Amino acid sequence: MKPPRVRIAPSPTGDPHVGTAYIGLFNYVFARKHGGAFIVRIEDTDRARSTEGSEEAIFAALRWLGLEWDEGPDIGGPFGPYRQSERGPIYSEHVDLLLATGKAYRCFATKEELEAMRETQKAEQRPTAYDGRYRDYDRAQAEARARAGEPHVVRLKVPRDGETVFQDGLRGEVRFENRLIDDAVIMKSDGFPTYHLANVVDDHLMGITHVIRGEEWITSTPKHILLYDAFGWTPPEFYHLGLLRNADRSKLSKRRNPVSIDHYRELGILPQTFLNFLATLGFSIADDRDRFTLDEMIEKFDWSRVSVGGPVFDGRKLEAFNGDDIRGLSLDEFVEQLQSRVLAPARLRELAALVHERINRLDDFVPYASFFFGGALDYTPVLAKFSIKKRTRAEVLDVLTEFMQGIERDPDARGFTAEGLERFSRTFCEQTGWKTRDIFGLLRVVVTGRTAAPGLFETMAAVGKDRVRLRIRDALRVISELPEEAPAVAAPPQPAKPKKDKKDKKKKDRRPPEAPSRGAEQPVSQDKSSET
RNA sequence: GGCCCCAUGGUCUAGCGGUCAGGACGUCGGCCUCUCACGCCGAAAGCUCGGGUUCAAUUCCCGGUGGGGUCACCA
């Protein structure tokens, strides 16, 4: 086999996603196995959703895992630039090419117009698809309107009949009827290419030989094949891996699970352990062994050892692996890990600043700062002395859920700095009509498990976004399971969980932080993910 | 709903026509032990269903069912 060239193409729209690591791992291993190149390309053609800092965070996460790339935006390479926002002229050239050969056409339909079209189609129980209203529009007229600066998109002219077939390296032949594929937008009205176009053009120009990506892309693959055809190019080989799932088998989403690589890093998962665990979610090295190193995986890698059903991401197993590996460390190594990861000087200083004026003896630092560490908290003690009056349980659940969504979406909150969080939180109060003292108190309890703690926003920032999210999710579960008669978050007449026998305790202590919460979940809102 | 993908214990998987269906996590029981943890031993728990093909199907084919993905000027 001549050296393959593979890539991951993350979109810088949020925290580094475990899916990116999963797909990245398989790409990386395949490249290394065959002495090929592993490339990182940033797909940032969506100007609205790309966020500052996300790109760096993705690089840092991949490097932490040890998935080093051979070409990428930060290290360059012979086929750059590797950031799609810097490749504008290349895309326009290629669009012009398709326009000139009649493989694509300009479409002047407005978003509203298309929305109305879809509504009608839905109402009539027909599949929603672009109806081709500008497909045969007069070329000269279209060019004139375009020259006049009228906003429009460019669409691929998909053949009306026949079918598009491709070989999936993991699934065999996959066929789609062309009449069911609508004319995909390839250039948006802002002049940026869509994913489909940029992806195909870049993969071709960068010499990508194997496209290894998530199953969610299968249905857009025929569009890509058609694009390769339109350009007269030979498509690469495709391998669609199964999607990582939540415990309920839906596509892994942060609504139900911690999905940030940073979260696992912060909780003290060892990078090689994390890779090993991800690898087992689809790859098997042998009949009766599931612990192996990255090098062993590379050595033994073969597509016939890759399974394709979407695996549930089971944090308990990850932790079991991690525990094993921690025990495998020498005492010196263990201490080194603690010093570099849990109590690194900068981290210690950050926490010390918050604890400084609140303790009387130095060694109170450790118990005082306990909530800065670990995953879920035990809310039993604090439940005995905390309540919100005049608010129903449903209101509490709602407001926490909204808050959790807010820290994801809000530009102020997303960076998770004390200032940003405070700005966001105060606005949030105004919008929800909650008194600051009520909601800040509630958040304090949720985030720290205590009614007294350092300043809420400094504390939240130091606790970290992923832990905060995890605790809110866990709190939602706990609150929803409180006895019915409890007003909101309140001290029930008797303790909520009056007696815990040995077994219960054991169970609780062992429950991993990642355990997905149940009973307090919101309607699914799928995470958007990049091609990784 | 249309289209597409998938299907071995609760979860991740091995299996590639004939196996007591193997391993791992989790669960349960026991041993070790001042406690816990680790470690060790053991147990319960699985081939989605129905048709074919075959001397023989978990394994091959078809269909049902179930799950998932996708139907944007997001990737």
Side-chain angles (χ1 to χ4, degrees), chain A residues 9-14 42-50 84 107 109-111 114-115 118 121-122 125-130 151-155 168 170-172 174-177 179-182 184-196 198-199 213-222 240-252 277-291 304-321 323-324 326-327 502-503 505-507 509-512 515 526-532:
Chain A
S11 185
T13 52
I42 294 293
E43 305 226 335
D44 55 352
T45 55
D46 185 350
R47 293 180 308 169
R49 296 203 314 128
S50 292
Q84 290 185 332
C107 168
T110 63
K111 276 184 184 170
L114 295 174
E115 189 54 41
R118 272 183 229 110
Q121 290 168 339
K122 262 185 193 157
Q125 305 252 357
R126 289 164 36 219
T128 55
Y130 176 67
H152 64 282
V153 302
V154 176
R155 287 178 184 273
D168 186 293
L170 285 166
R171 299 156 196 265
V174 184
R175 351 177 46 106
F176 293 84
E177 289 187 62
R179 65 185 178 83
L180 298 172
I181 304 171
D182 61 0
V185 172
I186 56 177
M187 169 101 43
K188 302 180 256 187
S189 56
D190 64 3
F192 276 71
T194 59
Y195 161 79
H196 300 297
N199 184 270
R213 68 208 326 185
E215 182 183 4
E216 55 193 328
W217 302 102
I218 287 185
T219 46
S220 49
T221 304
H240 290 98
L241 294 167
L243 252 30
L244 264 25
R245 314 280 191 94
N246 298 310
D248 66 0
R249 297 212 160 270
S250 57
K251 171 164 131 182
L252 193 68
F277 173 70
L278 286 178
T280 63
L281 267 29
F283 170 78
S284 58
I285 197 158
D287 288 1
D288 56 0
R289 185 160 72 103
D290 57 10
R291 299 311 316 275
S304 68
R305 300 211 65 83
V306 176
S307 68
V308 81
V312 171
F313 187 98
D314 179 7
R316 290 181 305 185
K317 190 165 180 174
L318 169 62
E319 293 205 358
F321 277 21
D324 262 353
I326 286 176
R327 272 167 238 120
K502 197 175 160 191
K503 253 178 221 168
K505 176 122 175 67
K506 196 171 166 187
K507 249 179 204 161
D509 288 346
R510 285 185 150 195
R511 185 167 48 74
Q526 293 293 349
D527 282 3
K528 303 296 186 178
S529 67
S530 68
E531 188 171 309
T532 59

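Throughout, a chain's letter reflects where its sequence line sits, starting with A, and its residues are numbered from 1. Values reported hereafter were calculated over all heavy atoms of this structure, with side chains retained and with hydrogens, waters and symmetry mates removed. Given the structure is predicted, the values throughout are model-derived calculations rather than measurements.
- Partner assigned to B/A43 is B/U27, using Watson-Crick or G-U wobble distances below 3.5 angstrom.
- For B/A7, the OP1/OP2 oxygens have no side-chain nitrogen or oxygen of A/R245 closer than 4.0 Å.
- Using P as the reference atom, B/C36 and B/G69 are 44 Å apart when rounded to the nearest Å.
- Atom name P, nucleotides B/U65 and B/A56: the rounded distance is 29 Å, in whole Å.
- Rounded to the nearest Å, the gap between the C1' atom of B/U48 and that of B/G67 is 11 Å.
- Residue contacts shown for A/T45 are limited to sugar-phosphate atoms, with no base heavy atom under 4.0 Å away.
- Looking at heavy-atom distances under 4.0 Å, A/F321 makes contact with sugar-phosphate atoms alone, never a base.
- Nucleotides B/U8 and B/C60 have their P atoms positioned 13 Å apart, rounded to a whole Å.
- Not one side-chain nitrogen or oxygen of A/K251 sits closer than 4.0 Å to the OP1 or OP2 atom of B/G67.
- Between B/U13 and B/C4, the distance separating the two C1' atoms is 25 Å to the nearest Å.
- Under a 4.0 Å N-O distance rule, the pair A/E319/A/R316 does not qualify as a salt bridge.
- Closest to the A/D46 side chain, of the nucleotides B/C74, B/G69, B/C4, is B/C74.
- Within 4.0 Å of A/R47, counting heavy atoms only, lies no atom of the nucleic acid at all.
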*Per-nucleotide protein contact string for nucleotides 11-18 of chain B (B base, S sugar-phosphate only, - none; heavy atom under 4.0 Å)*: SBSSS---
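- Residue A/A109 is classed as a base contact, given a heavy-atom separation below 4.0 Å to a base.
- For A/T219 and B/C4, a side-chain-to-base donor-acceptor distance below 3.5 Å is absent, hydrogens and geometry of angles not being considered.
- Remark: A/S50 engages A/P12, A/D44 in a side-chain contact (heavy atoms from CB on, under 4.5 Å) (not counting sequence neighbours).
- Nucleic acid contact class of A/D324 (heavy atoms, under 4.0 Å, all strands): sugar-phosphate only.
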